Each structure stands twice: as structure tokens, then as C-alpha cells.
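Take a look at the structure below.
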Protein chains: 2
Amino acid sequence: MSTYNGRMERADAARNRARILEAAARLFAERSPQDVTMDDIARAAGVGRGTLYRRYPDRAAIAVALLDEHERELQERLLRGEPPLGPGAPPAERLAAFYAAMVRLLEDHSHLVLGSEVGRTRFETGAYGFWRAHVRVLLDAAGTPGPDALVDVLLAPLAPEVYRYQRTVLGLTPAQIAGALAGLTKVLGS
Amino acid sequence: MSTYNGRMERADAARNRARILEAAARLFAERSPQDVTMDDIARAAGVGRGTLYRRYPDRAAIAVALLDEHERELQERLLRGEPPLGPGAPPAERLAAFYAAMVRLLEDHSHLVLGSEVGRTRFETGAYGFWRAHVRVLLDAAGTPGPDALVDVLLAPLAPEVYRYQRTVLGLTPAQIAGALAGLTKVLGS
DNA sequence: TAGTGAAGCGGACGTTGTGTCCATTTATCT
DNA sequence: AGATAAATGGACACAACGTCCGCTTCACTA
């Protein structure tokens, strides 16, 4: 940290990045993400417009950065964690565990996810690709026919808009939603 | 048509409505709906901005108007048509038929649906409420536990973004997608 | 510790799309 | 034809976007 060798981030840059992330997290938490403008974030962070755009081209990029560590942690557990989330359990049980973990993640960070994944951009994030690969592996392991089309069908209910609607408008509990998702594991039976 | 008694639409109004709908349909078909501005539609229809906004407050309203007759027709068939789409068949078969019909509708009009249902606004349209009620009835008939949460889970894969992604990016066929959806009917077994 | 090159900063600016407002036009009724 | 109210359309004010560039701050160096 004491020496600067050309690949490290400059001190003022690091400070501003922290400010931006902190301010964005606060704003995303307190109101609907699509009502938070880039201007708002820049002002709340105490940086200029240009500084903000230098790092994050849009709201989605900021939300992705905020989500990053949570997603990484879940991805890590999926790959190398204990069963049933990690390898070792039967595909149907692993899928159910995955659903439960995703409900947890949506519950804790749905405002962030909503900020990052608006409609079709959802499919373009790296995270979606990861969830997709994971479910695809489970389908293959279960020998389910026609896995290509089924993958996205099984992931669709995890769209943040859907979760948000179920929680907020319908007043369902996370447990109820997780229960319904667990029911989807029946389709794995070949 | 020859007499005007205060509840009929004025002739110029009717003419402009037709122009707007026609122009909007053309524009939605030829490029991505979110790239079509209200200005574009007004200009293409040969009407002024104010005229357009008088009737349709936003793009979604126009797309809904365009979709209306197609949706109505399907709704009619669900309520009073022949089985398995209409009443009479077992719930699982009716659900599969519903999925097949929705795939057809998405295939024919996905650009319109994309124009009308952007993210969370999807749940606010009258059509979504109808699909929801229909699936809910099927779940009740099948005696599936926890139907409240399951309804939206089963409808989620029909989100236009998902269908578009499967068709365009993944290159799947409508038949493949319909097949995967048909697999979801397994969850109906109580 | 003063000098130097470059990375980083920030706010002014031009652009685009939105939604409203109201003077003018136009259709229908009498 | 004249009266009246609905309908029109473009000008306007506004909000957010994304870029550009002169100035500042940092980290290295001698």
C-alpha cells in the first residue's frame, strides 16, 4: 500500500470509489432504484458527474459492484461448499437448496438486484450466466430431457421483479415463496 | 355512424387513433420497442405530440391497445373454448394447453408485449391479472398445496424478456420452449 | 523537498426524450 | 350558416443523460 507501482489505484481514486459505493448503497436502500439518478449518486457521494461516469457507466454497473461480494460468496458455496448446496447431494436436493439460497439473497438485497437487473439486461450479467451454468449441470446430472429450454424456465421465477411482486404486492413470506420454488424440483424427474 | 350524440368519438379523433395505432405497430415491429419514442410515433402517425398524449400516456398504453384483441381472444377461449384450453380437461392438460397458447402469442406478438410490459409494470396490466386468475383456478382444481406463491412462479417463464432471450440469444425453437413449459405441469400433482 | 508527468477530478455543456399548455382549427348540432 | 365544444399540434419548460476539457492532486524521482 505504501508504494505505488503503476497498477495500484491512486489514493484519491480509491477514496472516491468508496464514497460512491457507500452513497449508492444508501440511496438504493431508501428509495426505488429507478428513481435514483446518476446525478443523485454523484451529489450524495460528493463527487462530480465525470468522476462517477469514469468508473461506472450506468446504475447497473454500480449495483453489480455492490452485489458482487454476495454473489461471489454464493457462487463459491455452490461450487465447493457443503451439500446439499455444494456437490454431493442429488440434483433435486441441490436445486431446492439453490432456490432457498437465492430467496435469501433476494430477500437481503432485492433493491440492489432490482437496480442492476432491469428487464432484459438481467441475462447479460455475469451472475446470470453462472446461475444458468449451475442449473444446467443439475439438469444434466438428473438426466432431464430438453435441458436447454428448461434452464431459463427454472430461473425465471427468480427475477427480482417477480420476487418483489410476491413479497410486496401479494404479501407472501419468503418461506412461502421458497416452498413454491421447491415444488419446481419435481420437473427434474426424467 | 352518421349521427353524433355526444358519446361517439369525433371523426377526426377516430382517424387519428387509427393512424397512431397503425404507425406504432409498424415502428414496434421494425425496431426494439424501447428505441421507439413517443415523438417517433407522433411523427410517423402525422399527428402532434399533444394529440398522442391525449389518448395514450405512454408507450405501454399503446402496446396494450394493440395487444388487446389478441389477448381478449385467448381469454375468451380459456373461459369458454373447447378443451383442453377451455373447461373440461384435467388441470394439468389445461395448463399445458395454456402454455402452448401463450408461446404462440409470444411468438406472434413478442415485440408488442415487450413494448407494453417492461419489468415490473408487467404485473400491473389487466392481462396479467387474468392469466393469474386462470392458473390459480387450475391449481385449486388440482388441489396443489400453497397455490398463492406457485401462481407467479408458473407464470414467470412467460415473461417476454425470458422468451425473447430464449428465442434470440439461445436460438431455441418455440416447440422446445413449449416442451420445457409443458414439463412444469408436473408440479400440479399434489 | 521541490520538480514533473500523468492520472484523476468536476462541473459546464449539448443532446434527447418527456409531458403540459393553450391558441387555433375542425367536426357536429341547430 | 352560426354556435359550441371537442380535438389538434407545436412551442415550451424540465429532467436526465453522457461527454469534454481545463484544472488539481497524486506518486515517483532526483
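These numbers come from the heavy atoms of this one structure, side chains and all, not from hydrogens, waters or symmetry mates. Everything numeric here is computed off the predicted structure, so don't read it as measured data. Below, chains carry the letters A, B, ... as their sequence lines are ordered, and counting in each starts from 1.
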In whole angstroms, how far is the [atom2] atom of [N] from the [atom1] atom of [X]?
X	N	atom1	atom2	result
B:Asp58	C:dG17	CG	P	16 Å
A:Asp12	D:dC23	CG	C1'	13 Å
A:Tyr56	C:dG10	OH	P	15 Å
A:Gln34	D:dA16	CD	C1'	15 Å
B:Leu52	D:dG10	CG	P	13 Å
B:Glu9	D:dA7	CD	C1'	11 Å
B:Arg59	C:dT16	CZ	C1'	13 Å

- Message: Check B:Arg77 with B:Glu82, please: is the shortest side-chain N to carboxylate O separation under 4.0 Å?
- Response: no

- Task: Salt-bridge test for B:Arg31 and B:Asp40: reply yes if a basic N is under 4.0 Å from a carboxylate O, no otherwise.
- Result: yes

- Task: Kindly indicate whether the side chain of A:Arg10 and the base of C:dA7 share any N or O donor-acceptor pair separated by less than 3.5 Å?
- Result: yes

Under 4.0 Å: is that the gap between some side-chain N or O of [X] and OP1 or OP2 of [N]?
X	N	answer
B:Arg49	D:dC12	no
B:Thr51	D:dG9	yes
B:Asn16	D:dT8	yes

- Parallel, tilted or perpendicular: which fits the ring planes of A:Phe123 and B:Tyr165, with parallel below 30° and perpendicular above 60°? parallel

- Assign each of A:Tyr53 and A:Arg15 to its nearest nucleotide of DNA chain D by heavy atoms, then name whichever residue's nucleotide is nearer the 5' end.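 First, find each residue's nearest nucleotide; the 5'-ward one identifies A:Tyr53.
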
- Could you check which residues of residues 35-48 of chain B get a heavy atom under 4.0 Å from DNA chain C? Sort them by number, please.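 Contacts with DNA chain C under 4.0 Å: B:Thr37, B:Met38, B:Asp39.
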
Please report, to 0.1 Å, the donor-acceptor pairs under 3.5 Å made by any side chain of residues 16-25 of chain B, with sequence neighbours excluded.
unit_1	atom_1	unit_2	atom_2	d
B:Asn16	ND2	B:Asp12	O	3.4
B:Arg17	NH2	B:Glu9	OE1	3.0
B:Arg17	NH2	B:Glu9	OE2	2.4

- Does a donor on one side chain and an acceptor on the other come within less than 3.5 Å for B:Tyr163 and A:Asp152? no

- Query: Looking at D:dA7, C:dC9, D:dG18, which one has an atom nearest to any side-chain atom of B:Arg54?
  - Reply: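 So the side chain of B:Arg54 is nearest to D:dA7.
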
- So, does B:Arg94 use its side chain to make a donor-acceptor pair with the main chain of B:Leu85 at under 3.5 Å?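 Checking the backbone N and O of B:Leu85 against the side chain of B:Arg94, a donor-acceptor pair under 3.5 Å is found.
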
- Assign B:Arg55 to base, sugar-phosphate, or nothing according to its heavy-atom contacts below 4.0 angstrom with the strands shown. sugar-phosphate

- Message: What verdict does the side-chain contact (heavy atoms from CB on, under 4.5 Å) test give for B:Tyr99 and B:Leu158, after you've listed the backbone C-alpha separation in whole Å, the side-chain angles of each residue and the deciding distance to 0.1 Å?
- Response: CA-CA 8 Å; B:Tyr99 276 140; B:Leu158 296 175; 4.0 Å; yes

